[in-house]
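A quick write-up on the structure given underneath.
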2 protein chains.
Amino acid sequence: MESRCENCIIRQFNSLRAMSKEELNKVSDTKTTKKIKKGQPLFQEGDKLNGVYCVRNGVSKLSKLSSNGKDQIVKLATKGEVIGQRSVIAEESTNLSAIAINDMEVCFIPKETIVHTLQKNPNFTLEVLRHMAHDLKEADDVIVNISQKTVKQRIAEAFLYLKNNFGEDEEGFLALTLSREDISNVVGTATESAIRIISDFKKKGLIHTSGKRIGIKEERKLAELVEGF
Amino acid sequence: MESRCENCIIRQFNSLRAMSKEELNKVSDTKTTKKIKKGQPLFQEGDKLNGVYCVRNGVSKLSKLSSNGKDQIVKLATKGEVIGQRSVIAEESTNLSAIAINDMEVCFIPKETIVHTLQKNPNFTLEVLRHMAHDLKEADDVIVNISQKTVKQRIAEAFLYLKNNFGEDEEGFLALTLSREDISNVVGTATESAIRIISDFKKKGLIHTSGKRIGIKEERKLAELVEGF
DNA sequence: AATAGGAACTGATAAATGTCATGTTTTTTC
DNA sequence: GAAAAAACATGACATTTATCAGTTCCTATT
């Protein structure tokens with residue numbers, strides 16, 4: 001059988017920790033665990049979500065496709081984060097697609113369980129609200145960055161973000177390896193532009209690469225670049 | 001004396017409608033009404049907010065200053081909207097400045113009143129949560145727009161947005177008149193670029209202008225332009 | 001180990017956008 | 001209502017970024 005939510009360490013990182021024992025029990029009883037292979041979608045833009053996904057392992061990109069065929073990645077969700085809350089709460093179909101960047105393990109929690117708790121447990125609701133407030137702030141920051149920083153600055157910033165949020169492996173490469181295309185979709189630029197700038201960073205000794213993997217060599221200088229030096 | 005919240009029509013448009021009679025009474029007793037002159041700030045980026053502002057009249061721009069000295073407008077808040085919720089809920093200093101675009105009348109509601117209700121009244125919390133979910137979706141859309149549409153498309157879209165959200169005056173001009181600089185700060189471009197495109201739209205008969213006022217002549221064509229024709 | 005297919009990369013060029021300089025209207029203020 | 005100050009407008013040019021067209025390099029099969 002599946003492990004029980006009560007014992008799941010993941011929930012310590014998300015709003016589920018504000019649930020009562022009984023509520024958590026109900027989640028446990030109604031949840032299903034899924035494995036998603038790299039490249040597979042959890043859901044697609046426009047889908048009606050019947051619940052939320054709690055990430056146990058792996059990373060998902062939340063992105064939106066535009067008419068010109070390019071994807072904009074709006075957020076990377078990792079272990080401990082809950083995906084799909086926004087749509088479930090607003091009772092709208094989702095505005096984003098969620099696709100696994102590497103193999104994932106997620107718990108699917110049906111809408112009813114969440115909605116019921118939202119109506120009964122103000123602590124839980126407040127906790128979810130706090131998370132959403134945080135996401136909104138981050139979204140505002142992304143807007144300002146995209147509109148006021150150059151592609152070079154945004155890529156430098158993305159690397160620092162990846163280091164701070166996902167860490168490095170034993171060999172000193174960023175633990176989360178994104179394809180060049182995904183990198184360009186995070187910063188909102190053409191793939192070729194991203195590649196050119198990555199080459200440039202390498203030439204200047206700011207980073208080193210091995211295949212698609214990227215390692216940060218001069219964190220200080222990258223940070224200065226982001227600030228506009 | 002001031003009018004009482006119970007009788008305020010404005011609250012029908014925002015989360016305050018989910019408050020109980022007693023809660024609303026308390027808001028009424030603790031609120032203060034302020035008039036803000038055009039161009040004056042409600043608060044500045046980095047301020048610690050002691051409460052939220054409920055807009056009774058006028059429009060405020062929520063913007064963030066970047067190191068290069070340019071402002072990015074993230075949201076326009078008008079009658080019925082509550083400003084500053086995010087910071088109060090997350091208990092952080094605000095990441096945005098709020099500046100009056102025209103003369104405003106706002107009610108200031110102290111933090112304690114809001115926080116207390118958030119902890120006691122799940123309906124209110126849920127209502128606020130729904131609003132925030134909506135804002136988050138809009139922010140995601142802005143991110144995608146800014147990164148994937150041309151400046152021309154974004155300006156066309158901004159005009160349609162202004163018409164849909166603020167309407168037109170008797171003479172057929174957009175009811176909310178923004179300076180060219182504010183327009184450029186909404187779409188995230190240089191003021192000169194915005195001006196050039198506005199001239200271009202005028203030349204093509206899509207809009208007409210009188211001083212800084214702008215009127216939409218060919219809504220259909222503007223909408224097509226946004227979609228990329 | 002050969003190979004097929006997708007990423008990653010590079011160059012040349014075009015298009016979009018920003019910057020600076022300067023002149024012209026509006027709007028505000030006295 | 002004239003003077004001063006903003007805001008608006010336009011030209012010339014620089015810079016950034018996108019696009020297209022290839023080539024090379026990985027990497028995952030068989």
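Below, read A as the first sequence line, B as the second, and so on, with proteins coming before strands; counting in each chain starts at 1.
- Contact annotation: B/S199 reaches the phosphate of D/dT10 (side-chain N/O to OP1 or OP2, under 4.0 Å).
- A donor and an acceptor atom, one from each side chain of B/S147 and A/Q72, are located under 3.5 Å apart.
- Distance, B/I146 CD1 to C/dT17 P: 12 Å, rounded to whole Å.
- Closest approach to the A/R196 side chain among C/dT10, D/dC8, C/dC20 is made by C/dT10 (side chain taken as heavy atoms from C-beta onward).
- Checking D/dA9, C/dT10, C/dT17 against every side-chain atom of B/S193, the shortest atom distance belongs to C/dT17.
- Across the protein-nucleic acid pair, A/K70 atom NZ and D/dT19 atom C1' stand 11 Å apart, rounded to whole Å.
- In this structure, NZ of B/K152 is placed 8 Å from P of C/dA16, rounded to the nearest angstrom.
- DNA chain D is contacted by both A/K212 and B/K203; B/K203 maps to the nucleotide lying nearer its 5′ end (nearest heavy atom per residue).
- Between the side chains of A/E157 and A/N145, a donor-acceptor pair is found at a separation under 3.5 Å.
- Protein atom CZ of B/F173 is 12 Å distant from nucleotide atom P of C/dT26, rounded to whole Å.
- Atom-to-atom, CD of A/Q148 to P of D/dT17 comes out at 14 Å; the value is rounded to the nearest Å.
- Each of A/E192 and A/S147 has a nearest nucleotide on DNA chain C; the 5'-most of these lies closest to A/E192.
- Evaluation of the ring-ring contact (aromatic ring centres under 6.0 Å, His included) test over residues 185-210 of chain B, restricted to residues two or more places apart or in two chains, returns B/F173-B/H208.
- The stretch residues 175-190 of chain A touches DNA chain D through A/T189, A/A190, each having a heavy atom under 4.0 angstrom from the strand.
- The pair A/K61-A/D182 meets the salt-bridge criterion, with a side-chain N (NZ, NE, NH1 or NH2) lying under 4.0 Å from an Asp/Glu carboxylate O.
- A/T150 comes within 4.0 angstrom of the backbone, heavy atoms only, and of no base.
- Atom NZ of A/K79 has 12 or fewer neighbouring heavy atoms from other residues, nucleotides or ligands inside a 6.0 Å radius.
- The distance from atom NZ of A/K38 to atom P of D/dA28 is 8 Å, rounded to the nearest whole Å.
- If you take CD1 of B/I155 and P of C/dA16, they are 14 Å apart, rounded to a whole angstrom.
- Rounded to an integer number of Å, the gap from B/R213 CZ to C/dT25 P is 19 Å.
- A/K48 and A/S93 form no side-chain donor-acceptor contact under 3.5 Å, judged by distance and modelled atom types alone.
- Side-chain contact between A/N95 and A/E45: absent, with no pair of heavy atoms (C-beta onward) separated by less than 4.5 Å.
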